[in-house]
Amino acid sequence: MQLITLLTPLALLITTALAEATIVDALAAVNGQTLQLQNAVTSWHGDLLGLLPITKQSTDVLLETNKGTRAAKKSAPLDALGALGVAEATVTLTQSVNSSLSPLIAAKPKFDRLKVSPLILVSLGLQKKATEDMSAAILDKVPADLRGVAEGLVAPIAASFELAVDAFHPF
Ligand SMILES: *[C@@H]1O[C@H](CO)[C@@H](O)[C@H](O)[C@H]1NC(C)=O
């Protein structure tokens, strides 16, 4: 047996394992930033200065999400086991997105008082689009027969953004 025929499955195994690690790392980074944003929002007392950390953290979530999209696009396709690992990271992110957008929605009267709600709406729109792009890039790497399940897993993230955008939309 030629060495190459032995190495090919091994190389494939390593490639798919790397694909999982890449995407799981990207999701974990977005998750970490999302939790920092949650922190900034929940510890905010409604003062002008306290808007700075919120602005910074939401910018960082956006940057991290765009990085995640690039990583997912560059990644090799996932195998079924890799998709499972990614599913777990997705569920975690779903919960974090909910727990960061819920206090943001609750804080709307404070943003209104400072007349910055339109800015929050713009920021939410950008983040919603970035998240959709990242989800699409990841779904693209999921094996075709698992894609329906995967779409169901990312759906709550989009639903959370819908709620937040609706809450900040003036009409
Ligand atoms: C967060 O999850 C709860 C419980 O499922 C739900 O009622 C709420 O609408 C969600 N909020 C957001 C912003 O996703």
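Both ligands and their constituent atoms are indexed starting at 1 by order of listing. FYI, side chains are in, hydrogens and waters are out, and symmetry mates aren't considered; it's all heavy atoms of this structure.
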Trainee: Locate the shortest heavy-atom distance separating L101 from A164; write the atom from each residue and the value.
Mentor: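 Of all heavy-atom pairs spanning L101 and A164, the closest is CD1-CB, 4.1 Å.
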Trainee: Using heavy atoms and a 4.0 Å limit, tell me yes or no: is S102 in contact with ligand 1?
Mentor: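 Yes.
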Trainee: Determine whether any protein heavy atom is located less than 4.0 Å from atom 4 (C) of ligand 1.
Mentor: no
Trainee: With side chains defined as the heavy atoms from C-beta onward, is the minimum distance between F168 and L104 less than 4.5 Å?
Mentor: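 Contact flag for F168/L104 side chains = yes.
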Trainee: Decide, yes or no, whether a salt bridge links E132 with K129 under the criterion of side-chain N to carboxylate O below 4.0 Å.
Mentor: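 No, no charged N to carboxylate O under 4.0 Å.
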Trainee: Got the closest protein heavy atom to atom 1 (C) of ligand 1, with its distance?
Mentor: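 Here the nearest protein heavy atom works out to N98 ND2, 1.5 Å.
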Trainee: Looking only at heavy atoms, which two atoms of L121 and V165 are closest? And how far apart?
Mentor: CD1-O, 3.7 Å
Trainee: Write out the residue and atom name of the closest protein heavy atom to atom 14 (O) of ligand 1, then the distance separating them to 0.1 Å.
Mentor: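 Among all protein heavy atoms, the one nearest atom 14 (O) of ligand 1 is S160 OG, 2.6 Å.
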Trainee: Does some non-hydrogen atom of the protein lie less than 4.0 angstrom from atom 7 (O) of ligand 1?
Mentor: no
Trainee: Just to confirm my output: which protein heavy-atom neighbour is closest to atom 9 (O) of ligand 1, and how far is it?
Mentor: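 Answer, as residue, atom name and distance: L163 CD1, 3.4 Å.
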Trainee: Salt bridge (charged side-chain N to carboxylate O under 4.0 Å, His left out) for R147 and E151? Distances and angles first, verdict last.
Mentor: CA-CA 6 Å; R147 209 158 288 160; E151 279 166 359; over 6 Å; no
